[in-house]
Structure formats: C-alpha cells, structure tokens
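Values reported hereafter were calculated over all heavy atoms of this structure, with side chains retained and with hydrogens, waters and symmetry mates removed. We count ligands from 1, going down the list as the structure has it; atoms in each ligand are counted the same way.
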Amino acid sequence: MKISMRGAAAFAAVSAIALAGCSSDRGDDTEPTTSSTAGAAGSEVCIEEGAAIGVALPQKTSENWVLAEQLFNDGLTEAGFEPIVQFGNSGVTEQQNQISAMLEQDAQVIVVGAIDGSQLGSQLEAAHEAGAPVIAYDRLVLNTDAVDAYIAFDNFRVGELQGEALLQGLAERKGEGPYNIELIAGSSDDANSTPFFEGAMSILQPKIDDGTLTVVSGQTTFEQAATAGWQAQNAQSRMDTIMSGSYSGDTELHGILSPNDTLARAALTSVDQAGKDTPVITGQDSEVESVTSIVAGEQYSTIYKDTRQLVAQTIASIEELAACGEIPVNDTEQYDNGVKVVPAFLLDPQIVTQENAAEVYADDATLGPLTEG
Ligand code: BGC
C-alpha cells in the first residue's frame, strides 16, 4: 500500500464530488455507489429526512474521539437525523460487526473512523450495495473503492508542523546544536500514522543528514518508531528500552518527535524516570493535560485540530446528501488509498506552543481557560 502525499494541500478550490450510480429510490437494487472526480456534475444520492446515520468510531485512544461521539450525537439529532454512534473498543472485528449492524438498521450513510484502515473493505462494499455513501472520517480507509469522500485535517501538514516545532523548540530551549533526538510514530494500522511521520521527516531528515540531529538509538524508520494501537504503555516501554540502552551515563536527550499528546506524556514519564532533563517534545490533539503542561513550559507543542470543525464539516456533507447535493471537497490529489484517489475535504491544523496557546484556544470553552493566569 502506498499513500501518495504532497506537502501543500490545495485549499483554494472547493469543489464537490458526485456520487454517481446511486439512486434516490433506496428500495431498488441499484448499482454500487461510486464517486467521480471533484467538480463532476450531478449527484443522484438523496438520503431521506430523518435517516439513520451510522458513525463507527475507533477506540478511545485520544480525547478527540470521545468529543466526536458527543458532537455527532448532538449535531446529527439537531439536523433531524437518527444517529447510531459506536466505538469499536475491542478491535477490528467489533468495528466490522458494528458497520454491518448499522446497515441492518437501514443506516443511509456510513461515517467511519477506522481502527485498521485496510480491514473494512467488505463491510463498506456492503454499504455501497445498499446505496449508502461512505465517508472516511479523520482516518483514510485503504484498498477499497467503496469510499466516497475523506474528511480530515491535513495529516501530512500535521507532521510538517511537528517537525518544524521540534527544531524551533530545540533552538529555543537547548542552546546550539547538534542535538540528540528520538522518534516516535503512531500505530501502523492507522492510515494517518504514515503521513504524520513522513511529514515530520520531510523537515527532520535533512537535519539528520547534515549532522544537526542525531537519533542516538539509530531507530529512524517508521517500522522501528511505530506504537502499536497508539497505546501509551507501548511508547513508554519502548522509550524505557531506548533510555537504558542509548542514554546511560552523561548522554543527553534533547528532543523527541511524538505524533500525539498521549504518547508525548508517556515518553516524558520514561525520560523522567531515567533521571534525565525534560526534552523538547511535540504532540497533537490539544488534550487537557498536555495543554496544561505546555502552559507550564514542559511539553513543547501540540496541534489543534478542532473536533467541532471536523464533525460540523461531516454533518454539513450529510445534509448536502439529504438535499440531493454533493459532498464538498477541496483536494483530489493527495489521498490515494491504494485503489483510488479519495476526494478529500482537508482542514488546516494549527501548531500550538506556550507562546500562542491563549490566542489559538481563545474560542474554545474547555481549553481557553487553561491558558489564563
Ligand atoms: C488521529 C490523531 C490521534 C490518533 C490516536 C489519529 O488517527 O488523527 O488525532 O492522536 O489517531 O487516537
């Protein structure tokens, strides 16, 4: 599987995808839904007023997923739909079964945040056979053409911002280089983890090559850096091994690339237990504990991906389908899922450090107050 990525997303041209071949009469046995390219004219999908909408979320591996559950329930209800929102807490099989059950309950759209992006092909094909469009939410689904749109924050850009923040933090807090760093990546079954890592490495690799940065453990590949299931204990135990193997004696660890806040806090615990100074560390998700830590000058950065915006964009797309319209997209190049380039609506992630936290979170009732006083 190869996901093709390019650095800059084309936010300028917002177009729409047509879901051709899908009849507005849901009773007949129509052709499977297929999406055509952005800007194509004429949608044939008209979901019914009050339709059931299936939202299959992964495990609660970060706060954004928990918030999404509530926002989907409230927002879909308010928009006049009947939400069926479920977490696949026990893994891939549970998520597969949940999607099948949603279709049995006549869900007319399937929104999916995949646990394993490559394991949902037959369930999503069944959705298309039933005439239900499929929207990949936050995480891409792979190796199937049974996906009509991808709605997410620009994952490659998230990684670039993390790489840039790490360099900036090192220069601010650790004096002149060269610097010793370590790399952490997300779970290899989540399609987001590769673009996060590749985006960051597009910034860091040149600095490794010119000797500014040294990965002391030598673990520089995605496979070596990956964290199974996005689980904090897996990142922590890998860091424990790295600390005892590569940072005994006086060797200092100046910085860590972490793909999200949960793993950043786990890595900081490991470094602290090894008796070393707090390294510059990146994150993502703007989790409450990490924002508090950033304000206190510990964790260096996080990323703000406003879940309210992502859910609102997804619900607006469903409302378009209910009006027999088309799902708006603004990128038709970046997200090749192995079978097709999935038309995407990409939102812009924001980097957050101690310096801009108050400004970025000003409109967020939960996070804004954490930056005061
Ligand atoms: C999301 C991240 C999150 C991670 C673990 C990813 O797919 O994009 O925001 O940190 O999953 O939950």
*Identify whether NZ of Lys or CZ of Arg in Lys60 sits under 6.0 Å from the centre of the six-membered ring of Phe87 and within 45° of that ring's axis.*
yes
*asked:* Any side-chain to backbone donor/acceptor pair from Gln95 onto Ile115? Under 3.5 Å, distance only.
replied: yes
_Counterpart residues, ring pair (Phe, Tyr, Trp, His ring centres under 6.0 Å), relative to Phe72 (two or more places apart)_ = Tyr137
_Taking non-hydrogen atoms within less than 4.0 Å of ligand 1, which protein residues qualify?_
Thr61, Ser62, Asn64, Trp65, Asp138, Arg139, Asp190, Asn192, Phe196, Trp230, Asn260, Gln284, Asp285, Lys305
*May I ask you to check whether Phe345 and Tyr150 place their ring centres under 6.0 Å from each other?*
no
*Are Lys340 and Asp145 ion-paired here, with the side-chain N under 4.0 Å from a carboxylate O?*
no
*Give, for atom CG of Leu71 and atom CZ of Arg308, the distance between the pair rounded to the nearest 0.5 Å.*
8.5 Å
